[in-house]
Amino acid sequence: MLRLKAFRPTNDKIVKIQMHPTHPWLVTSDASDHVSVWNWEHRQVIYELKGGGVDERRLVGAKLEKLAEGESEPRGKPTEAIRGGSVKQVSFYDDDVRYWQLWRNRYAAAEAPSAVNTATSGFSIPAPSTKGRHFLVICCENKAIFLDLVTMRGRDVPKQDLDNKSLLCMEFLAKSAANEGPLVAFGGSDGVIRVLSMITWKLARRYTGGHKGSIACLMTFMASSGEALLVSGGSDGLLVLWSADHGHDSRELVPKLSLKAHEGGVTAVELSRVIGGAPQLITIGADKTLAIWDTISFKELRRIKPVSKLACHSVASWCHPRAPNLDILTCVKDSHIWAIEHPTYSALTRPLCELSSLVPPQLLASHKKLRVYSMVAHLLQPHIVATGTNIGIIVCEFDPRSLPPVAALPTPPGGREHAAVYVIERELKLLQFQLSNTMNPALGSNGSLSDMARIRGDTSDQLHVKQIKKHISTPVPHDSYSVLSVSSTGKYVGIVWPDIPYFSIYKVSDWSIVDSGSARLLAWDTCRDRFAILESAVAPRMPIIPKGSSRKAKEAAAAAAQAVAAAASAASAASVQVRILLDDGTSNILMRSVGNRSEPVISLHGGALLGVAYRTSRRISPGAATAISTIQSMPLSGLGSSAVSSFSSLDDGSRRSSAEATPLNFQLYSWESFQPIGDLLPHPEWTAWDQTVEYCAVAYQHYIVISSLRPQYRYLGDVAIPHATGAVWHRRQLFVVTPTTIECVFVDAGVAPIDIETKRRKEEMRLQEAQARAVAEHGELALITVDSQRSNAQERVTLRPPMLQVVRLASFQNAPSVTPFLTLPKQSKVENDDSAMPREVEERKVNEVAVGGGGVAVAVTRFPVEQKRPVGPLVVVGVRDGVLWLIDRYMCAHAISLGHPGIRCRCLAAYGDAVSAVKWASRLGREHHDDLAQFMLGMGYATEALHLPGISKRLEFDLAMQSNDLKRALQCLLTMSNSRDLGQETLGLDLNDIMNINAKKENVVDAVEGIVKFAKEFLDLIDAADATAQADIAREALKRLAATGSLKGALRGHELRGLALRLANHGELTRLSNLVNNMISVGSGREAAFAAAVLGDNTLMEKAWKETGMLAEAVLHAQAHGRPTLRSLVQEWNKELQKEMEPTPSTKTDAATAFLASLEEPKFTSLADAVKKPPIEILPPGMASLNGPNPGQGKPPSAAHGAKQQPAKQLLLEGPNATAQNASAQSEPVASTTSEAGAPPKSDSDVPTTSQSGTPSPAESGIKPTESGPTPLESDTSVPPESNTQESAESNEKATDNQSHISLSAGVDNPTAALESLPSASNSSPSTIDNASHPPKNQSSDVDSAPSMIDFS
């Protein structure tokens, strides 16, 4: 039944072991006296030291510390240099250890009927003594080592300070004087107990006269009378009781009682808590016996020998709901953990676990057998047991999901007393519990604020509970492990014993049995009194297989194999049956078999849907099937090694790697049709359904899935709460219990599109039903209506995401009083001071409550300090009387306070009472109102959250927007942006006022900056006002945005465009026109053009492009709209491009040199210089050249221009010596094929084009080519020269006569070679690049990229 949780191999055997109650720490000491602290949860070693000898690291650290304090030469031998000797005991000590030690003693004493405090309640937390530090205390033979695990500083107390006697054991005392601080008692080799103060490090008192030999063990406990006692066991076999209440008495104390316990000495002593009785003492001795003692009469109750021929070395009190009859664990030097049944029945000892089956086989050597040398059970988590063996440390886990056999009954309306039914042994009992102080109101009520002001529910003190246990006359048939559950109406209680298997249904009114039978699983319906059971035949018990190869062993093995086969067949033959309980108390079968799957059923989950989990084939084995499906009444000794190992193999499957896929073996079925709902899901640990069938929680090992069920199933999210054991819904609150914490999950589904659609459909259906009723009553005339004038105001429904918020209510850990890395100021006189803590720390220690106006207590923290979680597995009852009720394994009720305003307000809002939540917020500090308002907004209470007095303006705006209170949202925006006076007509603010702000208008600067900061909020407000027809609010926001948009760089581009659209939508044409002019003046051309386009003014749009320097956009706009200014815009644009293409001189010259250089005529040293910077002419598609006549005045193109071009003729780089008019006429058709954007030219029918290959050669035209004249190729990308360039061309003609003609040959197969064969200087112009990348439509796109040939002949 145990599975391996953690394992750490060691080289030597572990002889001492101890666990920390709240942290996952384990301290061990081996046979070589090496001490180590191990984190068993993260598998990390925290600290190691050599306890028996001299630890060199600690010695060096102590010397360095003394040198740092100024001590150059040590006076004597440091205590760290003293050899410790044999390690006798290891333990932790801090505030958590102290608290839970006191808790264990007090709760064990409160169980007695004659206890002084009959009301089981929490007690006040003792004052912090260790100041947030965690001590590791090692009791060695020659000294005691106190090591602080936070600062890693230690203090060694040699035995010379303790009367020079060897130290053999130790125990921490709960009560002490204020000036003594924590006290630790050491048992000496001379039979004297010496008490050491951890503040003064001096001997406080002695306990003498009790033992004649050495002392072996010490333990403190509390009697039922409330007296603190110290018990000691010695080597003389005596058990001696001492009084531990004398805190101020420093004299030598004598024993109260001495009795003979064991022959040969007492080895260990343990305290056992008994349900409904006084605590008991358990002792083990060298005589191989275990004795149980009564703490009232101190008489021996029972003496047994757990394991024959072997002496016990460890004992632990144990109480686990999965094994109700076992309450003592012990270990001997073998490989088992032994469990002893309840002493009132018998003294049978059964092996709880065979540890060899849990350890990986490769770690066990063939010649090495596993032996246990020490064992300890976790104080707060009883399902965790740690053992020290000869191969390492083994941490086991025993069924952590088992819950106590108790079920809460519904409380009548208005009732203050609550009840729960539970099973103990063979009795059915009733637990009645309530708060002893009835000042807490019900969660749903408003309560009286004046009365509640005096409640200190937000402190860390637990609430007092008064409870009574009553016997029910109806007996139960079995005393094994049972599971209790209650029907949806609370009229019936179902009990199932999975180990038998058997079930019974009891009627709560008279506790009569209405149904019973054979079943091992039971699940209830959430909506009706229906339940499902898993019927199964009783599987045969597996016989014990004796060791050896004899005939009896073989027969037993054969019988075991048959039992395995029979169990597997019985498990596979089990079927899920559904029954219903009628009003007369009879049970009827609704469905004999749910589902038609052949796999065995392993679990049932009740709720609004029936969940059935099936066993997958890859995880089943005959041994596992037997061990799980036919768990017999704790068959700890009956299961063979194969069955035990099957448990470990099965549980190892739960720790599979994340890469391995989770099996899908969980199916949901309808309670009405018994048909499957949805697909297969992973098998959950448990499911929890809301009573109103609105929410569902499905728990897995590391998280909980929260889903919404209405109007349809919708996944809300995952909550990272690992290892949860159970939960209960309370409206939109899910209270979850884990082995170490108690969490509260606040859930809201939000608003999804399906919710809005469902609401609309419901309204339509409601209207149709009303019309149908009217027609049925009054006929067709009832449908005649008179439409009145309707307002344009509409309800603005916004989507809201789902919300999941987790708040931790309780845990085991104690909040440290001082942060570990902070040190307290040194105090010179400790003896004269009543407390070791400074006064200012003491004042703000516990309450964390301030007093507000009118005497109302105001909490200054957002959430309360985590309360103390009850120990062990818990059953969640629910929220009643404003507190969360829990029941532990000892059938005691515990109340977790929900009175802190931060929790109470959230609970009220989740319950649906938002008005009371706002009232309760007066007790919460105003600095936490924003957080509370965010929570209420997530819950859908934006309107109510607006009434919180402490919310910020930013959050107030969001809440006002969510609640459609746009007037308040506008006021919040004006306050946040400080813009109440901006944009008003009375101010007369124009561009000049805003651009030239003097000292008198400094507030305008702040207003503009505020509007810029909240521009998005202003736009959202305008949209919301438009959606709800609140034009006055939108107009107020538009005024301020329009004034701010006039500043350069104030608003971003998308904000300006959005502003323009909204101004046009509201008809603010004058503001829009002013906005355009202002944006033009500040250079926001694109935004100004967009606003002008919204305004519909082409002239203003052209002005926006032109005056902001965006001439290309202005040209395109003028051409698209046929503007008469197109020609002037193109000329201006080309001039700007020409200026950009002219190189700027990079060398610095003086004025005289620049003037002389300007008088010189331009000289061309090469042909490349002549064509480096030709004039630029870029035209939009379809536009004629700027310097030539209109296209109608030129020579009409030849007919061959539209046909296939002839690329065979040569193209000369030197153009003909023609007039400027001819040159422009030739370049005009070619220039028309270019565009600014590189788009292809128009078709031949629209614009006449000419081919470069069609240009006549100089020989054909009879014109002598010149070097300076423009070529036909250059006319593609350059403007023809002015008329005065012809003279310079004629003057240079003689110089070029002797030069060879340079011609460029285009390939026959390359019709676009003219565009590709320009020199490098011409190729640098942007229009040439565009034309090369976008060939004309009438040319082939297959362009040859080979270099062109240059002819020098």
Side-chain angles (χ1 to χ4, degrees), residues 1 321-322 399 401-407 423 476-478 480-488 492-506 515-526 529-539 567-581 587 589-616 619-620 624-633 650 665-669 671 674 676 681 683-689 698-699 725-726 875:
M1 292 297 293
R322 188 62 181 85
D399 199 2
R401 294 188 296 272
S402 296
L403 299 179
V406 60
V423 175
V476 294
H478 306 284
S480 64
Y481 170 61
S482 58
V483 179
L484 277 70
S485 55
V486 182
S487 64
S488 59
Y492 302 95
V493 173
I495 306 177
V496 61
W497 292 268
D499 299 341
I500 304 300
Y502 190 80
F503 83 97
S504 295
I505 305 295
Y506 294 85
D515 196 2
S516 61
S518 173
R520 55 187 179 88
L521 296 174
L522 187 145
W524 288 96
D525 184 5
T526 305
D529 288 336
R530 284 181 295 197
F531 64 94
I533 58 174
L534 179 64
E535 284 192 324
S536 60
V538 180
S569 62
S572 61
S575 61
V576 179
Q577 186 181 112
V578 177
R579 302 185 183 186
I580 186 170
L581 296 171
S587 174
I589 298 177
L590 289 178
M591 190 68 179
R592 291 194 176 276
S593 179
V594 177
N596 53 1
R597 301 177 65 90
S598 59
E599 296 91 345
V601 177
I602 57 175
S603 66
L604 293 179
H605 298 269
L609 298 174
L610 174 61
V612 181
Y614 299 94
R615 183 179 307 283
T616 55
R619 292 181 60 188
I620 190 172
T626 306
I628 295 179
S629 62
T630 61
I631 299 175
Q632 317 218 357
S633 178
L650 171 68
N665 59 345
F666 183 70
Q667 180 67 60
L668 293 173
Y669 291 93
W671 286 99
F674 310 109
L681 302 173
H683 182 203
E685 305 284 344
W686 49 262
T687 58
W689 300 76
V698 180
T725 58
V875 172

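Keep in mind it's a predicted model, so treat the numbers as computed, not measured.
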Show the nearest heavy-atom pair for residues [X] and [Y], with the distance to one decimal.
{"X": "Tyr502", "Y": "Gly517", "answer": "CD1-O, 3.1 Å"}
{"X": "Ala519", "Y": "Val496", "answer": "O-CG2, 3.6 Å"}
{"X": "Gln577", "Y": "Glu535", "answer": "NE2-OE1, 2.9 Å"}
{"X": "Pro405", "Y": "Ser482", "answer": "CB-OG, 3.4 Å"}
{"X": "Ser402", "Y": "Pro321", "answer": "O-CG, 3.6 Å"}
{"X": "Thr687", "Y": "Gly606", "answer": "OG1-O, 3.6 Å"}

- Go through Val483 and Leu522 one step at a time and tell me if the side chain to side chain contact (heavy atoms under 4.5 Å, CB included) criterion holds. CA-CA 9 Å; Val483 179; Leu522 187 145; over 6 Å; no
Distance, nearest 0.5 Å, that separates [atom1] of [X] from [atom2] of [Y]:
{"X": "Ile602", "Y": "Thr616", "atom1": "CD1", "atom2": "OG1", "result": "7.0 Å"}
{"X": "Ile500", "Y": "Tyr481", "atom1": "CD1", "atom2": "OH", "result": "13.0 Å"}
{"X": "Ile533", "Y": "Leu521", "atom1": "CD1", "atom2": "CG", "result": "10.0 Å"}
{"X": "Arg520", "Y": "Leu604", "atom1": "CZ", "atom2": "CG", "result": "9.0 Å"}
{"X": "Leu609", "Y": "Tyr669", "atom1": "CG", "atom2": "OH", "result": "12.0 Å"}
{"X": "Arg615", "Y": "Arg597", "atom1": "CZ", "atom2": "CZ", "result": "13.5 Å"}

- Query: Can you find a side-chain donor-acceptor pair between Trp689 and Thr526 that sits under 3.5 Å?
  - Reply: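 Not at all, the side chains of Trp689 and Thr526 share no donor-acceptor pair under 3.5 Å.
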- Audit row: Leu590, Trp671, side chain to side chain contact (heavy atoms under 4.5 Å, CB included) steps and yes/no: CA-CA 10 Å; Leu590 289 178; Trp671 286 99; over 6 Å; no
- Task: Could you please spell out the steps behind the side chain to side chain contact (heavy atoms under 4.5 Å, CB included) verdict for Ile505 and Ser587?
- Result: CA-CA 10 Å; Ile505 305 295; Ser587 174; over 6 Å; no
- Query: Between Asn665 and Tyr614, is there a donor-acceptor pair closer than 3.5 Å when you use the side chain of the first and the backbone of the second?
  - Reply: yes
- Query: Checking Arg401 side chain against Glu685 main chain: does a donor-acceptor pair fall under 3.5 Å?
  - Reply: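 Between the backbone of Glu685 and the side chain of Arg401 there is no qualifying donor-acceptor contact (under 3.5 Å).
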- Item | Asp499 and Arg322: CA distance, side-chain angles, deciding distance, side chain to side chain contact (heavy atoms under 4.5 Å, CB included) verdict | CA-CA 10 Å; Asp499 299 341; Arg322 188 62 181 85; 3.2 Å; yes
- Message: Over 60° means perpendicular and under 30° means parallel, so tell me whether Trp524 and Tyr492 are parallel, tilted or perpendicular.
- Response: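 Aromatic pair Trp524/Tyr492 classed parallel.
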- Whether Phe666 and His683 hold their rings parallel, tilted or perpendicular, with breakpoints at 30° and 60°: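 Judged by the thresholds at 30° and 60°, the geometry between Phe666 and His683 is parallel.
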Side-chain heavy-atom pair [X], [Y] within 4.5 angstrom cut-off:
{"X": "Leu484", "Y": "Tyr506", "value": "no"}
{"X": "Pro477", "Y": "Trp497", "value": "yes"}
{"X": "Ser593", "Y": "Phe674", "value": "no"}

